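Since we're looking at a predicted model, the values are computed, not measured. Just follow the structure's listing: the first ligand is 1, and inside any ligand the first atom is 1.
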Amino acid sequence: MNGSVSRRLASILLLAAAPLAAQGHGQKLAGSGLMPRDSQPMPILSDIRLLRETGIKILAADDMTGVAFARITPAEQERLSAKAHEWGRCGGHEVVPIQGESVASLFGSLRAQHIKNERFERSDFRIRRSLTADRTVTAAVSQVSEQNLAETVKWLSSFPTRYNKGPRPNDHIPAVADRLKKLTAGAKFPVKIDLIDHKSTPQKSIRLRIEGKSRPSEIVVLGGHLDSIAMDWLGAGKAAPGADDNASGSANLIEAVRILAKGEQPERSIEFFWYAGEESGLLGSGEIARSYKSNKADVIGVLQLDMTLFPGDGEFVLGSMNDFTSAWLREYFRGLNEMYIKAKIMEDKCGYGCSDHASWHRQGYPALMPFESSFRRSNRDIHTKNDVINKESNFRHSAMFSKIAVAFALDLANSTLRSP
Ligand code: BES
Ligand code: ZN
């Protein structure tokens with residue numbers, strides 16, 4: 001048994017509960033993430049081989065990336081999830097909102113990134129760095145506090161829910177923005193905090209921008225989703241503490257901000273995001289990445305932190321997702337790790353766009369997603385009321401991800417490196 005079992009079960013239970021909820025328990029189901037509002041087949045992206053083995057009709061396929069498009073019924077979704085589980089995957093598919101973006105353009109952007117990654121892996125190009133650590137970065141990394149993280153995760157998970165479709169989706173938002181304001185009040189450089197409105201959800205995202213000194217238009221992005229979700233027989237939206245998923249990553253970013261605010265102004269701008277509505281289909285990050293792309297924003301790299309508290313493969317062993325991410329940034333991360341972190345990295349994949357990094361990747365920006373463990377050893381309690389701090393929570397392990405955030409932000413924002 002592993003983490004994916006309970007998540008798959010939750011989704012199957014949800015399927016069973018769908019007619020009930022629709023009959024007027026007043027519950028809204030998890031949105032585009034897992035459930036259809038009615039019995040219309042859902043548009044999904046999944047792995048070609050997975051769909052073939054499950055006997056699901058493929059409507060369009062892209063051999064280069066191995067991704068296929070299909071429309072599936074709830075029964076097919078159940079079969080797909082079961083097969084995905086045999087393969088050690090979570091739901092094994094991603095529901096795609098086909099609105100402005102056609103299937104062809106979805107495939108197109110995935111192909112472009114795939115080609116770029118292949119070219120990078122085949123080339124002689126390697127990020128040539130003197131593998132000597134920078135003293136400022138080393139000192140900053142050493143300031144990460146496990147106590148701060150524990151306190152912040154405790155605080156965030158004490159909100160009854162941070163679900164984007166709950167009756168009060170923004171209850172926690174001003175409190176987090178306020179905390180960021182206090183943490184950055186003494187900074188020697190301009191820091192701007194904004195609440196971002198969305199079209200696809202009433203929940204707001206939070207952005208904190210540190211203005212770059214010499215190249216402010218070059219942006220280093222760090223983000224994680226602040227929303228949570230819980231599922232049960234009647235649908236979603238009950239108590240959703242989301243301690244690991246994703247108070248942990250959110251707290252890692254807050255702690256990184258605290259440390260950066262005490263330092264010098266970076267050459268490039270650094271933007272931190274706490275995204276809205278990730279659990280309902282990457283809603284906040286999807287809108288943000290699309291708008292950055294349409295404004296031709298020069299995003300150098302994107303670090304995603306989603307689930308960092310459960311050391312499923314042991315302390316200081318982390319997963320690094322190698323799908324929907326950039327080969328260049330993964331290589332860069334290996335260098336950072338050697339210098340500042342010294343974790344054991346296990347390459348793994350989600351098999352679908354499992355978190356906000358996929359929103360940026362889809363717009364052509366280089367993304368990176370270090371993760372608490374390998375996919376199959378990850379926390380089995382997520383998306384339930386049991387995703388709380390417990391004796392398996394490990395703040396020493398989680399602190400490593402704040403260190404990664406600090407090193408990534410300081411090193412990349414003070415360099416001229418960019419994706420080849
Ligand atoms: N934190 C999870 C993603 C995750 C779970 C990654 C387990 C690795 C292991 C994220 O918040 C999530 O639940 N994502 C959704 C997909 C999204 C498109 C709705 C999921 O995985 O079902
Ligand atoms: Zn989740």
Is there at least one pair of N or O atoms, one from [X] and one from ligand 1, spaced under 3.5 Å apart?
{"X": "S355", "answer": "no"}
{"X": "S280", "answer": "no"}
{"X": "C354", "answer": "yes"}
{"X": "S378", "answer": "no"}

Could you list which atoms of ligand 1 come closer than 4.0 Å to a heavy atom of [X]?
{"X": "E278", "answer": "10 (C), 11 (O), 12 (C), 14 (N), 19 (C)"}
{"X": "D245", "answer": "1 (N), 2 (C), 11 (O)"}
{"X": "F375", "answer": "8 (C), 9 (C)"}
{"X": "H225", "answer": "11 (O)"}
{"X": "I382", "answer": "5 (C)"}
{"X": "G353", "answer": "18 (C)"}

Q. Is it true that the side chains of D323 and H361 contain a donor and an acceptor less than 3.5 Å apart?
A.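 H361 and D323 do not have a side-chain donor-acceptor pair below 3.5 Å.
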Q: Taking atom types as modelled, find out whether E287 and S200 have a side-chain donor-acceptor pair closer than 3.5 angstrom.
A: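 Side chains of E287 and S200: pair found under 3.5 Å.
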**Q.** Nearest atoms (heavy-atom pairs only) where P169 meets Q203
**A.**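 The pair with the smallest heavy-atom distance is O-NE2, 2.8 Å.
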Q: Dump the intermediate steps for side-chain contact (heavy atoms from CB on, under 4.5 Å) on E76 and K57, then the final yes or no.
A: CA-CA 10 Å; E76 286 174 324; K57 189 174 167 205; 5.8 Å; no
Q: Taking S102 for its side chain and S105 for its backbone only, find out whether a donor-acceptor pair lies under 3.5 Å.
A: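 Between the backbone of S105 and the side chain of S102 there is a qualifying donor-acceptor contact (under 3.5 Å).
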Q: Could you tell me whether the side chain of I210 reaches within less than 4.5 Å of the side chain of P266, counting heavy atoms only?
A: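 SC-SC contact between P266 and I210 confirmed.
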**Q.** Test side-chain contact (heavy atoms from CB on, under 4.5 Å) applied to L222 and V220, step by step
**A.** CA-CA 7 Å; L222 298 90; V220 174; 4.2 Å; yes
Q) Taking non-hydrogen atoms only, is E279 closer than 4.0 angstrom to ligand 1 via side chain, backbone, both or neither? A)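 Both of them.
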**Q.** Distance in Å, L412 CG paired with I219 CD1, rounded so as to fall on 0.5 Å steps
**A.**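 Reported value, rounded in 0.5 Å steps: 12.0 Å.
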Q: Run the contact test for D306 against ligand 1 with a 4.0 Å cut-off on heavy atoms, strictly below, and give the result.
A: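 Heavy atoms of D306 do come under 4.0 Å of ligand 1.
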